[in-house]
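Values in this document were obtained by computation on a predicted structure and should not be read as measured data.
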Amino acid sequence: MSPTVVVIGGGYGGSAAAKALDGVADVVLVDPKDAFFHAVGALRAVVDPEFLPKVFFPYDKLLTKGRVVRDRAVRVEPGRVTLASGDELAADYIVLASGSGYPFPAKVDIDDTAAAQQKYREAHDDLLAAEHVLLLGAGPVGLEFAGEIKAVWPEKKVVIVDPVADILSEYEPGLREEIRRQLAALDVQLVLGTPLKDNPSTAPGERGTFHVSTTADVDITADIWFRCFGVVPHTDYLAGALADVRLANGEVAVTDTLQVKGQERVFAVGDITDIGESKRAGSASRHAQVVADNIKALIAGSGELAVYRPGPTAILLPLGPNGGAAQLPGQGVLGADIAAQYKGADLLTGRFGELFGTAPAQP
């Protein structure tokens, strides 16, 4: 009989790992959602309802021999996975790929596709009616969200506030300068190096006029605001021998072969790992390939395990479909045309349509 691989989480890393192992082992992918949520396209889905269906991909065509179980893992220990339904899965190998939470609209915590899409439509209507928008957080999410808003509603006033003194400090000065230049051309106001004295009186994403001030006494009036920071790893289900590898911040300690520390047959990928690199979809997909190769090697009983090595610092940051900039290995800083060509035009929906069997292969 083929060994059983249970993959916890059907996000970027989990889906890629399950796909790569399908047919090599008896793959069981566990996820509470009824469809894969393409978070890379989430911000455009808020400003453009016609784009919304493009960020949800049903799981039914992902695997040809394995199966997808719509349930939530509530207790995972070596060799066994307990689900919220009470069912238990015996596992020869486990891939932890449960990902992370992030404030809406960059991610959504609703498992039902129809309900999630309704939340995005309501957010679109509230954003449509707002004249002044406040975004808290000048990281990639806040900057990209500002670009998406301005691409659809150039007349809206958008302000980004962050206590950090500069944007994208881990990247090359040329990238920061180019993004700042484009934001200025879009009339996006950056208020940096000064946090708010108090949070707005309304809830995030709730329409309603409010007044706030920063510690540098910059006064801001807006009609809606969004939180654009705060990654929270989903790992509270780890139990038994796996409980000790869960760090204080929720991440999971892994080796350079992406095995959970102290475990031969338990692996972890994506946002939950303690690898010192940016939490991005591309990293999760690269993790998945290493993990799939290593599980294949263990099943075959031969060959050295592959080592995951984080790549050089890189980013593709679109500002709407036609704007943005990139910093790519060996190419330096590139402008809006490359950002649009590689990512901004369709936000990789074609590539993931291919993975989930809903679109023809991409060139």
Let me check something: do Tyr59 and Tyr12 share a hydrophobic cluster, defined by ILVMFWY side-chain heavy atoms less than 4.5 Å apart, either directly or through other members? yes
Between Lys150 and Val188, the two heavy atoms sitting closest are CG-CG2, 3.8 Å
Open item on the list: Tell me if a side-chain donor or acceptor on Lys61 pairs with a main-chain N or O of Thr358 at a distance below 3.5 Å.
Closed with: no
Item to complete: Measure the shortest side-chain to side-chain distance between Val266 and Val76 over non-hydrogen atoms and say whether it is less than 4.5 angstrom.
Response: no
Next item on the list: Please check if the side chain of Thr349 supplies one atom and the backbone of Lys54 the other of a donor-acceptor pair under 3.5 Å.
Entry: no
Inspect the contact between Lys197 and Asp217 and indicate whether a charged nitrogen and a carboxylate oxygen are less than 4.0 angstrom apart.
yes
The residue among Val212, Val218, Leu192, Leu196 that forms side-chain contact (heavy atoms from CB on, under 4.5 Å) with Val161 is Leu196
Evaluate the salt bridge (Lys or Arg N to Asp or Glu O under 4.0 Å) criterion for residues Arg180 and Glu177: first the C-alpha distance (whole Å), next the side-chain angles of each, then the deciding distance (0.1 Å), finally the verdict.
CA-CA 5 Å; Arg180 278 179 169 275; Glu177 292 168 6; over 6 Å; no
*asked:* Do the side chains of Glu178 and Arg181 get close enough for a salt bridge, i.e. N-O under 4.0 angstrom?
replied: yes
Between Ala339 and Gly323 the two heavy atoms that sit nearest each other are CB-O, 3.9 Å
Got a donor-acceptor contact below 3.5 angstrom from the Asn294 side chain to the Ala306 backbone?
yes
Practice problem: Say whether, by atom type as modelled, one donor and one acceptor occur between the side chain of Lys261 and the main chain of Thr255 under 3.5 angstrom. | Solution: no
Over-ring placement of Arg75 relative to Tyr237, 6.0 Å and 45° cut-offs = no
Do side-chain atoms of Arg246 reach the backbone of Val252 as a donor and acceptor pair under 3.5 angstrom? no
Notebook entry, point to check: Under a 4.5 Å side-chain heavy-atom rule over Ile, Leu, Val, Met, Phe, Trp and Tyr, are Leu305 and Val5 clustered together?
Noted result: yes
Item to complete: Without swapping roles, check the side chain of His38 against the backbone of Phe56 for a donor-acceptor pair under 3.5 Å.
Response: no
Exercise. Checking Lys343 side chain against Leu347 main chain: does a donor-acceptor pair fall under 3.5 Å?
Worked result: no
Quiz item: Does Tyr342 belong to the same Ile/Leu/Val/Met/Phe/Trp/Tyr cluster as Val40, with side-chain heavy atoms less than 4.5 Å apart forming each link?
Solution: no
* To do: Report, as yes or no, whether the 6.0 Å neighbourhood of atom CD on Glu50 holds more than 12 heavy atoms from other residues, nucleotides or ligands.
  => no
Between Arg351 and Glu354, does any NZ, NE, NH1 or NH2 come within less than 4.0 Å of an OD or OE carboxylate oxygen? no
Atom CD of Glu170: over 12 foreign heavy atoms under 6.0 Å: yes
Run the ring-ring contact (aromatic ring centres under 6.0 Å, His included) check on Tyr120 and Phe104 step by step: do they pass?
CA-CA 9 Å; Tyr120 276 93; Phe104 181 83; 4.7 Å; yes
ask   = Would you say the side-chain atoms of Thr273 pair up with the backbone N or O of Val269, donor to acceptor, closer than 3.5 Å?
value = no
Closest non-hydrogen atoms of Asp187 and Lys157, given as atom of the first, atom of the second and distance, are OD1-NZ, 4.0 Å
**Prompt:** Do NZ/NE/NH1/NH2 and the carboxylate oxygens of Arg207 and Asp125 come within less than 4.0 Å?
**Reply:** no
Asp337 and Gln341: side chain donor to acceptor below 3.5 Å = no
ask   = Charged N to carboxylate O under 4.0 angstrom, Asp271 versus Lys107?
value = yes
> Are any side-chain N or O atoms of Gln263 and backbone N or O atoms of Leu242, one a donor and one an acceptor, separated by less than 3.5 Å?
Replying inline: no
Val333 and Leu175 have their tightest heavy-atom pair at CG2-N, 3.6 Å
Discussion item. Less than 6.0 angstrom separating the ring centers of His124 and Trp153, yes or no?
Written reply: yes
- Task: Would you indicate whether Glu88, at its atom CD, is surrounded by more than 12 heavy atoms from other residues, nucleotides or ligands within a distance under 6.0 Å?
- Result: yes
Quiz item: Is a salt bridge present between Asp166 and Arg176, judged by a nitrogen-to-oxygen distance below 4.0 Å?
Solution: yes
Should the ring pair Phe352 and Phe36 be called parallel, tilted or perpendicular, given that the plane angle runs from 0 to 90° and is split at 30 and 60? parallel
Does any N or O in the side chain of Asp162 come within less than 3.5 Å of the main-chain N or O of Leu136, such that one atom is a donor and the other an acceptor? no
- Message: salt bridge (Lys or Arg N to Asp or Glu O under 4.0 Å) for Asp26 and Lys65? Distances and angles first, verdict last.
- Response: CA-CA 8 Å; Asp26 179 13; Lys65 296 184 179 180; over 6 Å; no
Next item on the list: Could you state whether Val24 and Leu89 fall into the same hydrophobic cluster, counting links through intermediate Ile, Leu, Val, Met, Phe, Trp or Tyr residues with side-chain heavy atoms under 4.5 angstrom apart?
Entry: yes
- Task: Determine, using the 4.5 Å side-chain heavy-atom cutoff (strictly less than), whether Val164 and Leu134 are members of one ILVMFWY cluster.
- Result: no
Closest heavy-atom pair, Pro3 versus Tyr93, reported as atoms and distance to 0.1 Å, is CB-CE1, 4.1 Å
When every non-hydrogen atom of Ile295 is compared with those of Phe267, the smallest separation belongs to CG1-CE1, 3.6 Å
